[in-house]
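Please read the structure below before turning to the comments.
If you're wondering where the values come from, they're calculated on a predicted model, not measured in any experiment. Each ligand, and each atom within it, is numbered from 1 in the order the structure gives. Positions are given from 1, in the same order as the sequence printed here.
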Amino acid sequence: MAFEGLSERLQNAMAKMRRKGKVSETDVKEMMREVRLALLEADVNFKVVKDFVKTVSDRAVGAEVLESLSPSQQIIKIVSEELTELMGGEQSTIQMAPKAPTVVMMVGLQGAGKTTTAGKLANHLRKTQNKRPMMIAADIYRPAAIQQLETLGEQLDIPVFSMGDQVSPVEIAKQGIQKAKDEHRDFVIIDTAGRLQIDETLMAELSDIKSVANPTEIFLVVDAMTGQEAANVAASFNEQLNITGVILTKLDGDTRGGAALSIRSVTGKPIKFVGQGEKLDALEPFYPDRMANRILG
Ligand code: GDP
């Protein structure tokens with residue numbers, strides 16, 4: 001279960017605070033020391049932890065809080081609010097182009113779950129918003145990537161545009177989008193190539209696809225299990241491509257929380273969806289407040 005260790009440690013720190021009638025500055029310091037350790041152990045980015053601890057501490061030792069009738073409750077509320085803020089505050093929904101089709105580009109490192117998530121997203125749009133999506137297979141390098149997307153399309157009964165692996169991804173994207181226009185599709189999801197590591201060739205190709213596809217959304221798909229490394233990957237992709245959002249996959253796995261809690265701060269970009277399993281309906285919008293509540297129990 002995701003965030004179990006972090007949840008437990010934060011809940012313990014909060015429980016200690018809750019037992020106190022009056023709360024002193026020293027109590028707050030002691031609690032924040034535990035919060036800090038819990039976050040670092042959950043693999044949250046060091047600077048993010050530092051800023052978070054400072055913000056919460058500053059708010060918590062305010063006279064109105066410590067001298068109030070229920071200081072411990074108020075402090076717990078502050079932690080909850082700041083955790084929510086750390087993950088982006090408000091929920092960030094998928095943007096739509098003023099004129100259909102809305103083009104969504106999926107980018108990410110190999111194995112992050114990009115292709116699966118393309119299928120999940122198409123399914124989600126059709127199911128929740130009655131959209132008519134189409135997918136484009138533009139990963140011509142990974143053997144079987146095209147086949148994988150086509151199989152997903154068949155399972156979901158959602159069309160997949162492909163031109164094999166001998167045509168450039170830019171050309172595939174261009175022709176795919178034209179086809180989507182001809183068929184009055186309202187969403188086009190482009191599955192692009194990943195690599196094991198970020199490299200210049202990959203970024204250059206993604207930039208080229210971006211130029212012709214003019215996407216409304218560029219979603220970086222990252223694996224939550226990789227912790228704060230996911231935030232570093234997101235920062236690199238963002239620098240090169242100016243992504244519009246992140247989809248965090250494998251949140252059903254044994255994740256510690258570092259990715260979910262670091263990405264927004266490190267990149268300035270919101271997490272828009274989370275993947276919670278291998279099944280094609282296991283994709284959900286990301287709600288920072290619900291996630292904070294889940295962590296704090
Ligand atoms: P790509 O290389 O980025 O296109 O990755 P794939 O889409 O092929 O996914 C790699 C593996 O991750 C596959 O086995 C997927 O089933 C799995 N996967 C993707 N998303 C999730 C998720 O949210 N939870 C779990 N448990 N597995 C996932």
Side-chain angles (χ1 to χ4, degrees), residues 1-4 87 94 104-125 127-128 133 135-156 158 160-162 165 169 172-173 176 188-199 201-203 205-206 209 215 217-227 229-234 236-237 240-241 243 245-260 263 271-287 290-291 294:
M1 189 33 214
F3 304 165
E4 209 168 279
M87 291 184 283
I94 189 163
V104 179
M105 225 176 122
M106 309 292 284
V107 302
L109 296 181
Q110 198 166 310
K114 193 167 23 63
T115 304
T116 314
T117 306
K120 285 179 177 177
L121 183 62
N123 187 34
H124 173 86
L125 289 165
K127 206 171 65 185
T128 62
M135 298 189 279
I136 298 180
D139 178 0
I140 62 169
Y141 306 107
R142 178 161 68 91
I146 299 174
Q147 180 62 46
Q148 187 187 346
L149 195 68
E150 282 172 343
T151 306
L152 282 174
E154 274 162 35
Q155 280 171 358
L156 293 166
I158 289 173
V160 172
F161 180 86
S162 63
D165 59 7
I172 297 172
V188 184
I189 298 167
I190 309 176
D191 185 29
T192 64
R195 299 270 201 281
L196 290 174
Q197 279 175 331
I198 294 167
D199 63 52
T201 326
L202 167 68
M203 288 300 179
E205 181 177 295
L206 293 175
I209 299 177
E217 295 275 23
I218 304 179
F219 287 153
L220 172 72
V221 178
V222 286
D223 178 346
M225 312 270 280
T226 60
E229 181 53 23
N232 297 338
V233 168
S236 298
F237 272 86
Q240 308 269 343
L241 288 171
I243 61 172
V246 173
I247 301 183
L248 202 53
T249 62
K250 310 187 195 181
L251 219 68
D252 51 309
D254 185 20
T255 59
R256 290 183 289 169
I263 282 172
I271 298 172
K272 294 218 178 185
F273 292 93
V274 289
Q276 312 250 44
E278 296 198 65
K279 294 220 177 83
L280 291 175
D281 58 1
L283 183 80
E284 284 165 26
F286 180 69
Y287 300 98
R290 287 188 205 171
M291 191 58 83
R294 196 168 116 187

Margin query: Show the atoms of ligand 1 that are less than 4.0 angstrom away from any heavy atom in Gln276.
Written below: 23 (O)
Next item on the list: Hey, could you give me each pair passing salt bridge (charged side-chain N to carboxylate O under 4.0 Å, His left out) that has a residue in residues 106-121? Not counting sequence neighbours.
Entry: Lys114-Asp191
Note to self: Closer than 4.0 Å to some heavy atom of Gln148 - which atoms of ligand 1 meet that?
What the structure shows: 6 (P), 7 (O), 8 (O)
Margin query: Can you report which non-hydrogen protein atom sits closest to atom 6 (P) of ligand 1, along with the distance?
Written below: Thr116 OG1, 3.4 Å
Notebook entry, point to check: Which of these, Met106, Gln110, Lys250, has its nearest heavy atom closest to atom 11 (C) of ligand 1?
Noted result: Lys250
Next item on the list: Tell me which part of Asp252 gets within contact of ligand 1: side chain, backbone, both or neither, using heavy atoms under 4.0 Å.
Entry: side chain
Item checked: Partner residues of Phe273 under the ring-ring contact (aromatic ring centres under 6.0 Å, His included) criterion, sequence neighbours left out -> His124
Check: Rounded to the nearest 0.5 Å, how far apart are OG1 of Thr117 and CD1 of Ile247?
Finding: 6.0 Å
Next item on the list: Specify the protein heavy atom at minimum distance from atom 19 (C) of ligand 1: its residue, its atom name, and the distance to 0.1 Å.
Entry: Gly113 CA, 3.8 Å
Checklist line | atom 10 (C) of ligand 1: the protein heavy-atom neighbour that sits closest, reported with distance to 0.1 Å | finding: Gly111 O, 3.8 Å
Check: Testing Leu283, Val246, Leu248, Asp252 for side chain to side chain contact (heavy atoms under 4.5 Å, CB included) with Val274, which one passes?
Finding: Leu248
Next item on the list: Please could you name the atoms of ligand 1 that Lys120 approaches to less than 4.0 Å, counting only its heavy atoms?
Entry: 20 (N), 21 (C), 22 (C), 23 (O)
Next item on the list: Mark yes or no for whether Thr249, through its side chain, and Ala112, through its backbone, hold a donor-acceptor pair below 3.5 Å.
Entry: yes
Notebook entry, point to check: CG of Leu280 to NZ of Lys127: how many Å apart, nearest 0.5 Å?
Noted result: 10.0 Å
Margin query: I'd like to check which ligand 1 atoms, numbered from 1 as shown, lie under 4.0 Å from a non-hydrogen atom of Leu109.
Written below: 3 (O)
Notebook entry, point to check: Only one of Val188, Leu220, Thr192 forms a side chain to side chain contact (heavy atoms under 4.5 Å, CB included) with Met105, so which one is it?
Noted result: Thr192
Check: Which of the atoms in ligand 1, numbered in the order shown and given with their element, are less than 4.0 Å from a heavy-atom of Gly275?
Finding: 23 (O)
Notebook entry, point to check: Do Arg195's NZ or CZ and the ring of Tyr141 fall within the cation-pi criteria of under 6.0 Å and 45°?
Noted result: yes
Notebook entry, point to check: Would you say Ala282 and ligand 1 have an N/O pair spaced under 3.5 Å apart?
Noted result: no
Next item on the list: Distance to 0.1 Å, residue and atom name: give those for the protein heavy atom nearest to atom 3 (O) of ligand 1.
Entry: Lys114 N, 2.7 Å
Notebook entry, point to check: Looking only at N/O atoms, are Leu251 and ligand 1 under 3.5 Å apart anywhere?
Noted result: no
Item checked: Shortest protein heavy-atom distance from atom 27 (N) of ligand 1, along with the residue and atom involved -> Glu278 CG, 3.3 Å
Margin query: Less than 4.0 Å is my threshold; does some heavy atom of Gly277 fall inside it relative to ligand 1?
Written below: yes
Checklist line | Minimal non-hydrogen separation, Ala231 against Ile263, with atom names | finding: CA-CG1, 3.9 Å
Notebook entry, point to check: Taking atom CD1 of Ile190 and atom CE of Met135, what is their separation to the nearest 0.5 Å?
Noted result: 12.5 Å
